[in-house]
Participant: 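I'd like to ask you about the structure that follows.
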Number of protein chains: 2
Amino acid sequence: MAKTVEQIATALNISITTVRLVLNNQAQQYRISSKTQARINEYVAEHGYTVNHAARSLKLNKTETLGLIIPRLSNVFFATLAEKLEIRCREAGYQLMISCTYSDLKYENKLVEALIARNVDGLFVVPSSLQSQKHHVKRSTKPLVLLDRDFGSPDVSLVVSDNRRGSAALTEAMFDAGKIPLFFMAGDIGQPTIKERMSGYEAVLAARGITDTRQWILEAAHNRREDGEMLMRTFLANHHAAPPAFIASSLPVLEGALSVLRTHFGFIPAEINIGTFDEHPMLGFLSNNIWSVRQDEDAWVEMAFHAMQQALQGGGESQRAIIPMTLLYRQRAGQNRDQIILGSI
Amino acid sequence: MAKTVEQIATALNISITTVRLVLNNQAQQYRISSKTQARINEYVAEHGYTVNHAARSLKLNKTETLGLIIPRLSNVFFATLAEKLEIRCREAGYQLMISCTYSDLKYENKLVEALIARNVDGLFVVPSSLQSQKHHVKRSTKPLVLLDRDFGSPDVSLVVSDNRRGSAALTEAMFDAGKIPLFFMAGDIGQPTIKERMSGYEAVLAARGITDTRQWILEAAHNRREDGEMLMRTFLANHHAAPPAFIASSLPVLEGALSVLRTHFGFIPAEINIGTFDEHPMLGFLSNNIWSVRQDEDAWVEMAFHAMQQALQGGGESQRAIIPMTLLYRQRAGQNRDQIILGSI
DNA sequence: CTGAAAGCGCTAACAA
DNA sequence: TTGTTAGCGCTTTCAG
């Protein structure tokens, strides 16, 4: 067990203050005799010393720890986000505590409480619903920064992507490339992000004179892989064929939809044109034409952290940031190249 | 700000103990008068109360928090692992603090210190090297459970997959399916996991009478996406064609390798036979024949947590678990089905 | 340059 | 059934 300041002090027969001073690199400043310093350093090298954050935090009422609450880490989008936010926090000297709600509202509330009880200095959360934890946080006076989903609560800092425009750009690109009919596989449309994406899609179609989009839109209850599976299974059952082009409202939905195709056909038919949100390197595994809308996580992190810092320093104003999205296109090339594969198989 | 026990007590003119008792649901036991209980509950309903874990932890010297240190969350394997471990910890009433090292040894040490300073009750870590943080942990007497990589340190609990056998099974399957030459793209072979995987591969080839495997093995310095890219780029430059069959030593390496193919050809040539470790749903995005070796994360988590609990309860013995792997095969079906796609494109 | 003391909010032990 | 107290390890303030 690493020693405490007091243990060191008594062991060396010096005062606590003196020990503290050199431990905190204030030896110079207070002109501690160099032999005293040496003794202390020696002792520490021998027995070790780690500050006890619990005690420190109790006294100072801060922990240098921030909390992040997301739906799930197995969603690669959130995993990436968590990673980037962690890096940013670390740069600023904060530890980030990451926790998942699994979209369970009750659990989300418990988590918020748990993190506040653990005295985090502030909280980033991807909320599951409107009311959610606001009262907890308000009561605790801890800074709160909402991410990803705009349920419209005022007076809270918020960072989201410009999903509507992003979706519109995606739809336009695919539409203009002649990919029709262009289906839209939507997860939970009660969720603001999805709702925005869908409305961007509908707006473009309407502008193109396609009014009856009903049969192009397929809805599921949630945003999970299973929901994507269900959507594609239903599609296959109804059409006895794969869609020539579709947009998935989120990565998990896409994963589910594609897994069904993979199972059904034994491969992912290369002629299918795929649109999706949440760019991820593994999308490159697909050989299809694929349009993906990237959320600029770096910008998110920057804005979110900035808002957090403001709040931590007692800055009053809550901030709202709407981050532009970028459209990426991976084109499938023609197959007729000579000698693609080495040797015979 | 939620009140403290003392504030509640003074506000209500009761003793701290009494308040504590009802707050901890021991009212029955100590037969607190129901009117007192009512008063307290009312007050709490009104003003709220959250225990201060810092104070609690200072007194009890435990935090009900465990730490997890992994290389990176953007590695989907570790993200999945983190998620599962988090769930398990939560079931047992522990919060899990997840942190990433980005394979930086210095940072790994800092992190271990940081988490110990924050008084975690125990630590799970995917170590970057042999010596690493052992001394920190030893000195702190906190339980330690190592994951994923066996650097051979004795007297520490450890959970790893049976990489050698897993790799052998994979190699056999691909070999027996006639996929030759079968290249092996290896990340950092200094890392025990990769070393084991490679030796499993070599053993099978040797048993099949293929002695000169040199030209089939491609090595990189690390296990990152970039390394996979480099390997495949080099391969293409040397052979002017893609490999008919290859095994990637880990998911990031595969991601990199495939991204180069995708860029080079405009798609992932479907005739390539792919073997990889770290099964992940997104592998289904590929239309190729694909063999993947799954690590049984659920078993890992169970063993790791069990070892942790033992240690937390002062159980002396350190535990070593070697978890079997499972081989999965996704076969590519023939392309000649009628009417795969709906309508014309 | 060094020392002493109070107190952060909680728990456990003991008193009443 | 309820009240009192000591002390976890640290920081801050004031006194030498």
Side-chain angles (χ1 to χ4, degrees), chain A residues 1-40 44 47-65 113-114 116-121 140-141, chain B residues 1-40 44 47-65 113-114 116-121 140-141:
Chain A
M1 196 65 164
K3 308 296 182 189
T4 72
V5 175
E6 189 179 0
Q7 285 173 320
I8 300 179
T10 51
L12 262 41
N13 237 308
I14 335 181
S15 96
I16 293 181
T17 309
T18 310
V19 176
R20 248 179 50 70
L21 256 21
V22 349
L23 252 31
N24 295 359
N25 297 317
Q26 299 180 298
Q28 293 294 345
Q29 195 177 329
Y30 287 87
R31 311 184 47 193
I32 308 289
S33 78
S34 53
K35 65 174 67 168
T36 308
Q37 289 190 44
R39 286 178 64 210
I40 295 175
V44 168
H47 300 92
Y49 170 72
T50 340
V51 292
N52 182 329
H53 256 68
R56 187 165 204 279
S57 132
L58 182 58
K59 181 68 184 176
L60 303 182
N61 196 29
K62 58 176 184 174
T63 50
E64 260 88 56
T65 304
E113 270 212 71
I116 288 178
R118 274 172 174 82
N119 238 332
V120 294
D121 295 339
S140 81
T141 72
Chain B
M1 195 63 164
K3 307 297 182 188
T4 72
V5 175
E6 191 180 359
Q7 286 173 320
I8 299 178
T10 51
L12 262 39
N13 237 304
I14 335 182
S15 94
I16 292 180
T17 308
T18 310
V19 176
R20 248 180 49 70
L21 257 22
V22 349
L23 253 30
N24 295 0
N25 297 315
Q26 300 179 297
Q28 293 295 345
Q29 196 176 327
Y30 287 87
R31 311 186 47 195
I32 309 289
S33 78
S34 53
K35 65 176 65 170
T36 310
Q37 289 190 44
R39 287 178 64 208
I40 296 175
V44 168
H47 301 91
Y49 170 73
T50 340
V51 293
N52 182 329
H53 257 69
R56 188 165 204 280
S57 131
L58 182 57
K59 179 67 182 178
L60 302 184
N61 197 29
K62 59 176 184 174
T63 49
E64 260 87 56
T65 304
E113 271 211 70
I116 288 178
R118 275 174 173 79
N119 239 331
V120 293
D121 295 338
S140 81
T141 72

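Protein chains get the first letters and strands the later ones, always in sequence-line order, with residue 1 at the start of each.
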Participant: Using a cut-off of less than 4.0 Å, is there contact between a side-chain N or O of B:S33 and OP1 or OP2 of D:dT2?
Facilitator: yes
Participant: Counting primed atoms plus P, OP1 and OP2 as sugar-phosphate and everything else as base, spell out the protein contacts along nucleotides 5-14 of chain D at 4.0 Å heavy-atom distance: B, S or - for each nucleotide, 5' to 3'.
Facilitator: --BBBSBB--
Participant: Report the distance from atom CG of A:L58 to atom CG of B:L58, rounding to the nearest 0.5 Å.
Facilitator: 6.0 Å
Participant: Going through the checks in order, is the side chain to side chain contact (heavy atoms under 4.5 Å, CB included) test met by A:V51 and A:V5?
Facilitator: CA-CA 8 Å; A:V51 292; A:V5 175; over 6 Å; no
Participant: At what distance, to the nearest 0.5 angstrom, does OG1 of A:T50 lie from CD of B:E113?
Facilitator: 6.0 Å
Participant: Report the C-alpha separation of A:T36 and A:V22 in whole Å, then their side-chain angles, then the decisive distance to 0.1 Å, and conclude whether the side chain to side chain contact (heavy atoms under 4.5 Å, CB included) test is met.
Facilitator: CA-CA 9 Å; A:T36 308; A:V22 349; 5.7 Å; no
Participant: Could you tell me how far apart B:N13 (CG) and D:dT4 (P) are, to the nearest whole angstrom?
Facilitator: 11 Å
Participant: To the nearest angstrom, how far is B:L21 atom CG from C:dC14 atom P?
Facilitator: 16 Å
Participant: Between D:dT2 atom P and B:L12 atom CG, what is the distance in whole Å?
Facilitator: 12 Å
Participant: Can you check whether B:L12's main-chain N or O pairs, donor with acceptor, with B:R39's side chain at less than 3.5 Å?
Facilitator: yes
Participant: To the nearest 0.5 Å, what is the distance between CZ on B:R118 and OG1 on A:T65?
Facilitator: 3.5 Å
Participant: With a cut-off of less than 4.0 Å, is there a side-chain N or O of B:T18 near OP1 or OP2 of D:dG3?
Facilitator: yes
Participant: Send over the distance from A:R39 CZ to C:dT2 C1', rounded to a whole Å.
Facilitator: 13 Å
Participant: Whether B:S15 contacts D:dT4 is assessed here as follows: a side-chain N or O lying under 4.0 Å from the phosphate OP1 or OP2. Is that the case?
Facilitator: no
